[in-house]
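These notes concern the structure reproduced below.
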Amino acid sequence: MANDASTVFDLVILGGGSGGYAAALRGAQLGLNVALIEKDKLGGTCLHYGCIPTKALLHAGEIADQARESEQFGVRATFEGIDVAAVHKYKDDVISGLYKGLTGLIASRKITVIEGTGRLASPTSVDVNGQRVEGRHILLATGSVPKSLPGLQIDGNRIISSDHALKLDRVPQSAIVLGGGVIGVEFASAWKSFGTDVTVIEGMKHLVPVEDENSSKLLERAFRKRGIKFNLGTFFQQAEYTESGVRVTLADGKTFDAEVLLVAVGRGPVSAGLGYEEQGVAMDRGYVLVDEYMRTNVPTISAVGDLVPTLQLAHVGFAEGILVAERLAGLSPVPVDYDGVPRVTYCHPEVASVGITEAKAKEVYGADKVVTLKYNLGGNGKSKILKTQGEIKLVQVKDGAVVGVHMVGDRMGEQIGEAQLIYNWEALPAEVAQLIHAHPTQNEALGEAHLALAGKPLHAHD
């Protein structure tokens with residue numbers, strides 16, 4: 001620890017993941033004396049166990065698919081299989097490079113980093129390594145861990161979490177993925193690309209159930225085409241070992257057998273035993289409750305990231321951490337508009353969205369006030385070149401702004417930036433239609449969709 005024990009920091013942050021380190025970096029930039037406490041590695045779940053490693057696996061899977069399918073592009077290539085150790089080396093090298101960059105950045109801002117498990121000791125202090133760290137303000141950013149279901153024991157052997165799946169030393173011959181949300185469909189997609197026989201089990205009516213129903217249906221169609229099986233609308237009942245793997249039984253009695261079962265039913269907050277409730281912090285089901293400025297009911301304590309009941313996304317954690325740092329430094333930050341946060345599921349094909357769904361728009365504005373438009377990527381030159389299929393769906397308030405953009409197709413995550421601006425700047429279709437989009441790009445499809453919504457379609461039928 002760089003400072004002596006008598007130091008009182010302006011900000012003490014418990015947790016060095018996305019929300020915690022973003023607050024530390026911004027706080028130090030604004031002149032705050034910051035201490036950052038982390039029990040594992042700076043970067044947290046996103047860098048080491050989530051966003052980055054899963055996307056590396058998905059990209060490796062994409063390369064495998066391209067090798068298998070190269071002949072349709074006139075390229076003769078031979079796919080000889082997956083070298084699991086080499087895939088992990090590639091993934092770990094990406095993580096290592098980013099981790100070194102982050103630790104260097106933290107050091108350059110003169111942030112005091114304390115390694116160890118911290119526990120909230122008072123509204124203005126955290127105990128770590130037998131030492132009390134005092135701060136004028138405390139930020140709780142202890143993140144989340146994979147959840148399970150009652151009676152379902154994740155053992156790391158045949159019944160695994162996403163943490164285990166990222167370190168698996170083989171490509172399983174078959175896998176059941178319990179949960180058809182973001183984590184579940186991303187692993188299903190990567191494993192299928194590696195050659196695994198995959199079945200996704202989702203209790204809700206659709207895959208990625210929080211997305212617009214049209215996006216879910218498009219993804220389901222694409223998964224069927226890829227040979228990824230799924231069972232929707234029936235909930236899990238039990239899992240048991242068989243001679244060669246795992247058997248899952250659903251509430252309707254249907255059974256599924258596979259080599260491994262990946263439990264991907266979401267992530268829960270890390271808060272138990274950390275002193276939060278003892279210090280009077282208001283909580284609900286393990287989550288720390290906050291207002292729009294990330295303040296808890298205790299004036300000296302804020303909370304951000306997966307620990308609070310907002311969107312569990314690294315970039316949301318970044319934004320919330322920055323908001324807290326700026327508020328403490330005396331600035332006037334604007335609260336996060338969670339509808340305006342871009343959301344991407346990086347399976348093949350990708351699902352990207354910002355704003356609200358058609359169903360939500362009808363609920364908010366009334367069914368007669370909502371206009372939608374679908375633009376098929378089949379009419380987009382670059383998508384044809386890439387041989388990707390999908391759609392862009394726009395949701396508009398009649399005679400008003402676009403309030404939802406929902407996209408399915410390869411590389412759609414790279415198009416979400418403009419969609420984010422369209423939603424957050426409350427753009428009218430005619431205003432977007434005035435902008436000239438480069439040809440041939442997939443981004444052009446977003447422009448063409450707005451041309452059509454503005455009543456002047458170009459490469460689309462009236």
Side-chain angles (χ1 to χ4, degrees), residues 1 9-28 32-52 98-99 102-103 105-107 109 111-129 131-147 163 267-279 281 283 286-290 294-296 298 300-325 327-328 336:
M1 185 174 172
F9 293 92
D10 296 314
L11 176 60
V12 174
I13 302 169
L14 185 53
S18 302
Y21 83 67
L25 289 170
R26 184 64 176 133
L32 301 180
N33 187 13
V34 180
L36 182 59
I37 300 167
E38 172 55 50
K39 66 178 181 179
D40 190 1
K41 289 182 177 180
L42 291 176
T45 294
C46 174
L47 177 53
H48 300 284
Y49 313 108
C51 326
I52 299 301
L98 291 170
Y99 176 61
L102 176 61
T103 53
L105 190 57
I106 292 285
R109 299 273 173 90
I111 295 162
T112 299
V113 177
I114 304 169
E115 294 182 11
T117 300
R119 188 176 190 278
L120 189 64
S122 79
T124 55
S125 66
V126 174
D127 284 347
V128 56
N129 302 333
Q131 170 186 359
R132 182 150 293 184
V133 182
E134 300 278 351
R136 295 179 180 84
H137 201 89
I138 306 293
L139 176 60
L140 308 178
T142 43
S144 64
V145 290
K147 287 196 301 188
D163 289 354
R267 298 180 64 87
V270 175
S271 58
L274 296 180
Y276 299 170
E277 289 171 303
E278 290 90 326
Q279 299 308 321
V281 176
M283 303 182 70
Y287 290 100
V288 172
L289 300 179
V290 292
M294 315 316 295
R295 298 176 293 202
T296 72
V298 180
T300 54
I301 300 176
S302 298
V304 297
D306 288 0
L307 181 62
V308 302
T310 57
L311 293 171
Q312 289 187 331
L313 298 168
H315 44 289
V316 167
F318 294 151
E320 292 172 344
I322 291 167
L323 187 155
V324 169
R327 172 169 57 78
L328 295 178
V336 176

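Below, all heavy atoms of this structure are taken into account, side chains as well, without hydrogens, waters or symmetry copies. In this text the structure is predicted, and so the values were computed from the model without any measurement. Along the sequence shown, residues are numbered consecutively beginning with 1.
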| Do the side chains of Val113 and Ile106 get nearer than 4.5 Å, heavy atoms only? | yes
| task | List the atom of Glu320, the atom of Thr310, and the distance in Å for their closest heavy-atom pair. | result | OE2-OG1, 2.8 Å
| Quick one: CD on Gln312 to SG on Cys46, what's the gap to the nearest 0.5 Å? | 12.5 Å
| task | Could you list the residues that satisfy salt bridge (Lys or Arg N to Asp or Glu O under 4.0 Å) with Arg109, not counting sequence neighbours? | result | none
| query | If you take all heavy atoms of Gly118 and Val126, which pair is closest and at what distance? | reply | CA-CG1, 3.9 Å
| remark: Those residues at least two apart in sequence (or on a different chain) that pass side chain to side chain contact (heavy atoms under 4.5 Å, CB included) with Thr124 are Ser122, Glu134, Thr300
| note | Applying side chain to side chain contact (heavy atoms under 4.5 Å, CB included) to Lys147 and not counting sequence neighbours gives Val265
| About how many Å separate CD1 of Ile111 and CG of Asn33, when rounded to the nearest 0.5 Å? | 10.0 Å
| remark: With sequence neighbours left out, the residues meeting side chain to side chain contact (heavy atoms under 4.5 Å, CB included) with Val128 are Ile37, Ile114, Val133
| Who pairs with Arg267 by side-chain hydrogen bond (donor to acceptor under 3.5 Å, both in side chains), at least two apart in sequence or on another chain? | Thr45, Ser144
| field | Inter-residue atom distance Leu313.CG - Cys51.SG, 0.5 Å rounding | value | 8.0 Å
Just list the side-chain donor-acceptor pairs under 3.5 Å for residues 268-279, sequence neighbours left out, or say none.
residue	atom	partner	partner atom	Å
Ser271	OG	Gly286	O	2.7
Tyr276	OH	Thr142	OG1	2.9
Glu278	OE2	Arg119	NH2	3.0
Gln279	NE2	Ala121	O	3.0

| What is the distance from atom CD of Glu38 to atom OG1 of Thr117, rounded to the nearest 0.5 Å? | 8.5 Å
| field | Pairs flagged by salt bridge (charged side-chain N to carboxylate O under 4.0 Å, His left out) wherever residues 306-319 is involved - sequence neighbours left out | value | none
Residues 11-27 side chain polar contacts: donor-acceptor under 3.5 Å, at least two apart:
residue	atom	partner	partner atom	Å
Arg26	NE	Glu326	OE2	2.9
Arg26	NH1	Gln29	OE1	2.6
Arg26	NH2	Glu326	OE2	3.1

| request: Taking the side chain as every heavy atom from C-beta outward, state whether Leu32 and Leu328 have any atom pair closer than 4.5 Å. | output: yes
| field | Tyr287: ring-ring contact (aromatic ring centres under 6.0 Å, His included) partners, not counting sequence neighbours | value | none
| task | Only counting residues at least two apart or in another chain, list the ones meeting side-chain hydrogen bond (donor to acceptor under 3.5 Å, both in side chains) with Asp40. | result | Tyr49
| message | Please report the interatomic distance CZ(Arg327) to CZ(Arg295), rounded to the nearest 0.5 Å. | response | 5.5 Å
| request: Taking the side chain as every heavy atom from C-beta outward, state whether Ile52 and Leu98 have any atom pair closer than 4.5 Å. | output: yes
| query | Are Leu289 and Pro309 side-chain neighbours, meaning at least one heavy-atom pair lies under 4.5 Å? | reply | yes
| Does the side chain of Val281 reach to within under 4.5 Å of the side chain of Leu120, using non-hydrogen atoms? | yes
| query | Quick one: CE on Met294 to CG on Leu307, what's the gap to the nearest 0.5 Å? | reply | 9.0 Å
| query | Quick one: does Pro146's side chain get under 4.5 Å of Asp163's, heavy atoms only? | reply | yes
| By ring-ring contact (aromatic ring centres under 6.0 Å, His included) - contacts of His48 (at least two apart) | Tyr99
